[in-house]
**Q** 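Below is the structure I would like to discuss, written out as structure tokens.
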Amino acid sequence: MFMPDWSYHPLKKFLLDKISPKTSREFLHKSMSAIASTPGGRGLIGFLGHMNPPREFQKEIYHTRFPSPIGLSGHIDPNLSGVKAFQELGFGFVEIGPIVLNEPKNQIKPRRENSHILFSNHQEKVPLKLAIKKLTRLNIRIPVFAKIDAQVKRNEWDIIVQHLTPFVDAFVGTSEQIIPYVEESLICLEHSFYVSFSADEMSEKKTEIGPLIQHTSIGGIVIEAPRRIEGSYWHEVANANECLAKLVKQVKDLHPKLMIITSGGVETPEEACALVGAGADLLMLTDGYVKAGPGLPKRIHERLLYEKVQPIKNPNWYWSFLFGLSILVGGIIALYIAFTSIVLPYDESFIGLSKADIFQINPLILSFMSHDRIALAGTMISGGILYIQLARHGIKYNMHWARIAFHSAAIVGFLGIFLFIGFGYFDWLHGLFWLFLLPIYYFSFREGKRVTGTPSSIHGKNDKEWQYGLYGQLMFITLGFLILAGGIVISTIGVSRVFVLTDLSFLCMSSQMLDRISNNLIPLIAHDRAGFGSALVSVGLLVLMISLWGFRKGEQWVWNTLAAGALPAFIAGIGTHIYIGYTTFIHLLPVYFLVILYVFGLALSYPFLKRK
């Protein structure tokens with residue numbers, strides 16, 4: 001399955017770190033590619049992660065368009081099992097390889113030791129036939145670099161380049177492989193070739209690379225992060241980023257127009273910023289991506305965007321604010337009615353009984369109706385707070401994700417009016433309320449069309465606050481999903497069988513007995529249930545999308561929104577049951593579980609969201 005950071009790290013800690021690196025790698029890559037290949041899979045990945053690179057980072061290099069400067073090294077996916085998914089995770093290009101003509105007999109998979117992933121000196125290689133098979137079958141929309149194994153000789157090199165040229169955008173090889181090939185070519189080659197150097201080689205040859213890049217087909221160089229050898233294995237040194245950034249700056253100072261790609265040395269957004277600041281044009285992630293998680297490209301984009309000078313753009317947000325305020329006020333009015341008259345005159349007219357008549361037959365019926373209407377009112381108040389906060393802190397500051405969250409939930413809420421008449425009862429007060437809201441929402445939707453901004457973030461480290469924040473995010477995402485699912489279930493029950501067993505036990509009456517009191521009593525109750533379920537669906541969507549897309553270091557308003565936004569619904573949901581004496585444990589158990597998620601989510605995310 002696709003795993004954003006909030007699900008990747010818990011799974012990594014409790015499962016993936018306990019199995020071999022190759023097994024966990026193939027599990028992740030194949031499952032991500034499977035989702036990306038299924039109908040709607042790309043949309044699901046986009047919904048969960050919002051990982052598409054910002055338009056600001058698009059660049060064209062040698063007639064090849066790169067959506068992002070962040071790429072993935074071939075070390076991470078030697079079997080090409082995850083290539084299709086990587087383009088959905090925010091990468092601007094991928095490297096495949098090292099490519100060999102024929103599969104070698106001896107390939108040693110990586111192993112894990114302490115916090116390091118150790119790669120073998122006889123690392124896994126990609127046979128040419130496998131590369132062509134994968135590239136032919138996959139619809140890859142980002143540039144592909146083919147790294148050719150350093151041991152490949154001239155005759156094999158020619159075959160590999162000839163067969164891969166239709167499928168890739170550039171080649172990476174050693175200077176011993178590339179220089180003779182491009183010098184002997186009588187015509188301009190179709191693709192660019194990048195000369196690969198280890199950090200140690202580059203330190204020795206940085207003043208001598210001028211003649212290497214004179215040929216028009218040599219696009220630049222690739223500098224690999226410094227490594228530490230341990231027997232027949234290697235891993236990046238502890239200060240790889242610092243050494244790599246220093247080396248890149250030295251080379252860039254000597255050759256300002258030279259295209260430089262780095263490989264490795266990045267585990268955090270801050271380290272990526274250091275390489276870009278030193279002059280690197282493109283970055284390839286290696287084992288730092290495995291440690292940091294699939295969200296690393298997105299976090300790097302946000303950190304790089306923070307460094308850019310952004311034009312100030314404050315779109316209109318007042319109609320969106322008014323929409324949320326109207327729902328909040330509507331919820332307060334509904335709460336007052338639920339605590340006082342409970343049923344309105346047109347309710348009494350519909351069922352043919354007055355409030356006094358219902359009370360004489362069974363006072364618990366009024367209590368039961370009150371509990372549904374109080375719960376609806378509390379949910380509306382929560383929804384109003386969430387809409388207001390999205391308008392004030394998201395739409396106002398040009399956050400595209402806030403616009404999507406706002407309008408997705410609002411449209412679902414408007415469609416919920418059809419559930420009110422699922423049993424043939426149309427509530428005129430609800431109808432008038434939606435008619436009042438409709439023009440407000442129309443202007444809100446219009447002003448939202450100009451909200452196109454991408455969020456930036458100052459957060460650059462994989463620190464404890466970030467790790468705790470991921471667990472807090474997981475709690476709130478689960479909370480939003482369960483509220484959404486609960487709303488769907490309640491709406492479905494509301495327009496079908498109306499009651500669950502504990503409801504009838506509380507009422508001390510069967511559905512048939514209620515129907516005999518009045519043929520329209522159950523439709524009235526069903527209308528309340530369906531309306532409550534619809535409101536829950538909207539609030540669940542809001543909590544889910546805010547939790548998925550709004551968690552960034554120091555975003556205090558997100559914590560405040562989730563803390564204040566969920567509270568009225570919980571107080572109304574639990575309080576109304578206590579108020580009427582409907583305290584059956586099994587009936588309230590789902591709400592208790594949601595409260596636990598809410599409390600843990602607030603506690604775990606507090607250091608990440610609230611501390612600047």
Side-chain angles (χ1 to χ4, degrees), residues 4 42-58 90 295 298-299 301-302 305-306 308 310-328 380 382-416 434 437-457 473 476-477 480-481 483-484 535 537-552 554-562 564-565 609:
R42 290 177 54 197
L44 175 62
I45 293 174
F47 175 78
L48 291 177
H50 261 221
M51 292 186 172
N52 289 336
R55 290 189 298 271
E56 290 88 342
F57 293 123
Q58 289 184 12
K298 177 184 178 181
R299 295 170 57 215
H301 293 148
E302 292 178 352
L305 204 59
Y306 182 83
K308 286 175 147 314
Q310 297 294 312
I312 298 174
K313 182 180 179 182
N314 296 117
N316 292 332
W317 56 282
Y318 302 110
W319 285 106
S320 300
F321 176 85
L322 182 59
F323 180 82
L325 182 63
S326 300
I327 292 178
L328 175 64
M380 287 178 64
S382 286
I385 293 172
L386 296 172
Y387 283 122
I388 287 171
Q389 288 290 87
L390 280 171
R392 288 180 62 225
H393 300 282
I395 293 173
K396 178 181 179 181
Y397 294 104
N398 197 35
M399 291 296 98
H400 179 257
W401 73 262
R403 166 201 164 192
I404 298 298
F406 187 101
H407 293 292
S408 299
I411 290 170
V412 168
F414 273 110
L415 293 176
W434 288 132
L437 280 180
L438 199 56
I440 297 175
Y441 178 70
Y442 170 76
F443 290 110
S444 168
F445 186 82
R446 282 189 59 183
E447 72 184 7
K449 287 183 177 180
R450 300 178 182 178
V451 179
T452 57
T454 303
S456 61
S457 174
Q473 186 180 14
F476 277 115
I477 288 170
F481 176 78
I483 293 173
L484 172 62
V537 169
S538 291
V539 169
L541 278 173
L542 288 170
V543 172
L544 178 62
M545 289 184 282
I546 291 171
S547 305
L548 281 171
W549 307 332
F551 266 62
R552 285 172 190 83
E555 294 281 7
Q556 297 186 13
W557 75 270
V558 171
W559 193 93
N560 295 339
T561 299
L562 293 170
L609 293 176

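Nothing fancy with the numbering, it's 1 onward along the sequence. Side chains included, hydrogens not; waters and symmetry mates left out as well; all remaining heavy atoms used.
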**Q** Side chains of Lys308 and Phe57: closer than 4.5 Å at any heavy-atom pair?
**A**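 Yes - at least one pair of side-chain heavy atoms lies under 4.5 Å apart.
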
**Q** Just by modelled atom types, is the Trp319 backbone N or O under 3.5 Å from a matching donor or acceptor in the Glu447 side chain?
**A**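 Yes, the answer is positive, given that a donor and an acceptor are paired below the 3.5 Å cut-off.
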
**Q** Do side-chain atoms of Tyr387 reach the backbone of Ala410 as a donor and acceptor pair under 3.5 angstrom?
**A**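 Yes; judged by distance alone, with no hydrogens or angles, the pair exists.
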
**Q** Ignoring hydrogens, what is the shortest heavy-atom contact between Ile385 and Gly565? Give both atom names and the distance.
**A**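 Nearest pair, atom of Ile385 first, then Gly565: CG2-CA, 3.9 Å.
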
**Q** So, for Tyr318 and Phe443, is the gap between ring centers shorter than 6.0 Å?
**A**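 Not close enough - the centres of the two rings lie 6.0 Å or further apart.
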
**Q** Hey, does the side chain of Asn398 reach the backbone of Pro315 with a donor-acceptor pair shorter than 3.5 angstrom?
**A**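 Side chain of Asn398 to backbone of Pro315, a donor-acceptor pair under 3.5 Å: no, none is there.
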
**Q** If the plane angle is over 60° it's perpendicular, under 30° parallel, otherwise tilted; pick one for Phe551 and Phe476.
**A**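 Geometry flag for Phe476 against Phe551: tilted rings.
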
**Q** Working to the nearest 0.5 Å, report the span between OG of Ser444 and CD1 of Ile395.
**A**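 Answer for the OG-CD1 pair, Ser444 versus Ile395, is 5.5 Å.
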
**Q** Checking side-chain polar atoms at under 3.5 Å, does Ser457 have a donor or acceptor matched by the opposite partner on Glu302?
**A**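 Absent: no donor and acceptor within the cut-off.
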
**Q** Going through the checks in order, is the side-chain contact (heavy atoms from CB on, under 4.5 Å) test met by Tyr441 and Ile411?
**A** CA-CA 9 Å; Tyr441 178 70; Ile411 290 170; 3.3 Å; yes

**Q** Check the pair Met545, Trp401 against side-chain contact (heavy atoms from CB on, under 4.5 Å), reporting the backbone distance first and the verdict last.
**A** CA-CA 8 Å; Met545 289 184 282; Trp401 73 262; 5.9 Å; no

**Q** Could you label the plane-to-plane angle of the His407 and Phe445 rings as parallel, tilted or perpendicular, counting under 30° as parallel and over 60° as perpendicular?
**A**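 Ring orientation of His407 relative to Phe445: perpendicular.
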
**Q** Do any N or O atoms from the side chain of Thr561 and from the backbone of Trp557 form a donor-acceptor pair under 3.5 angstrom?
**A**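 Yes: the side chain of Thr561 pairs with the backbone of Trp557.
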
**Q** If I take atom CG from residue Leu386 and atom CG from residue Leu328, how far apart are they, to the nearest 0.5 angstrom?
**A**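 Reported value, rounded in 0.5 Å steps: 10.5 Å.
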
**Q** In terms of side-chain heavy atoms, does Glu56 have a donor or acceptor partner in Thr454 at a distance below 3.5 Å?
**A**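 The criterion, which ignores hydrogens and geometry beyond distance, is not satisfied for Thr454 and Glu56.
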
**Q** Output the distance between atom CG (Leu548) and atom CG (Leu541), rounded to the nearest 0.5 Å.
**A**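 Nearest 0.5 Å value for the CG-CG distance: 10.5 Å.
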
**Q** Working to the nearest 0.5 angstrom, can you tell me the gap between His301 NE2 and Leu305 CG?
**A**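 Taking NE2 in His301 and CG in Leu305, the distance rounds to 9.5 Å.
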
**Q** Please verify the inter-ring angle class for Trp549 with Phe47; under 30° counts as parallel, over 60° as perpendicular, anything in between as tilted.
**A**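 Ring orientation, 0 to 90° scale: perpendicular.
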
**Q** Looking just at side-chain N and O atoms, do Gln58 and Arg55 make a donor-acceptor pair shorter than 3.5 Å?
**A**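 Per modelled atom types, Gln58 and Arg55 side chains form no pair under 3.5 Å.
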
**Q** Can you give me the closest heavy-atom contact between Met380 and Ile327, atom names plus distance?
**A**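 Scanning both residues, the minimum pair turns out to be O-CG2, 3.3 Å.
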
**Q** Minimum heavy-atom separation for Gly324 and Ile388, please, with both atom names.
**A**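 For Gly324 and Ile388, the tightest heavy-atom pair comes out as C-CG1, 3.6 Å.
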
**Q** For residues Arg552 and Leu609, report the shortest heavy-atom separation together with the two atoms involved.
**A**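 In terms of heavy atoms, the two residues are closest at O-CD2, 3.4 Å.
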
**Q** Using the side-chain contact (heavy atoms from CB on, under 4.5 Å) rule, take Ser320 and Leu390 through it: C-alpha gap first, then chi angles, then the decisive distance, then the call.
**A** CA-CA 8 Å; Ser320 300; Leu390 280 171; over 6 Å; no

**Q** How many angstroms lie between CE in Met399 and CH2 in Trp317, if you round to the nearest 0.5 Å?
**A**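 It comes to 15.0 Å.
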
**Q** Output the distance between atom NZ (Lys449) and atom CG (Asn316), rounded to the nearest 0.5 Å.
**A**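 If I round to the nearest 0.5 Å, the distance is 14.0 Å.
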
**Q** Passes side-chain contact (heavy atoms from CB on, under 4.5 Å), Leu437 versus Phe414? Steps please.
**A** CA-CA 9 Å; Leu437 280 180; Phe414 273 110; 4.0 Å; yes

**Q** To check you understand the geometry: which heavy-atom pair defines the closest contact between Ser538 and Ala409, and what is its length?
**A**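 Reported closest heavy-atom pair: OG-O, 3.2 Å.
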
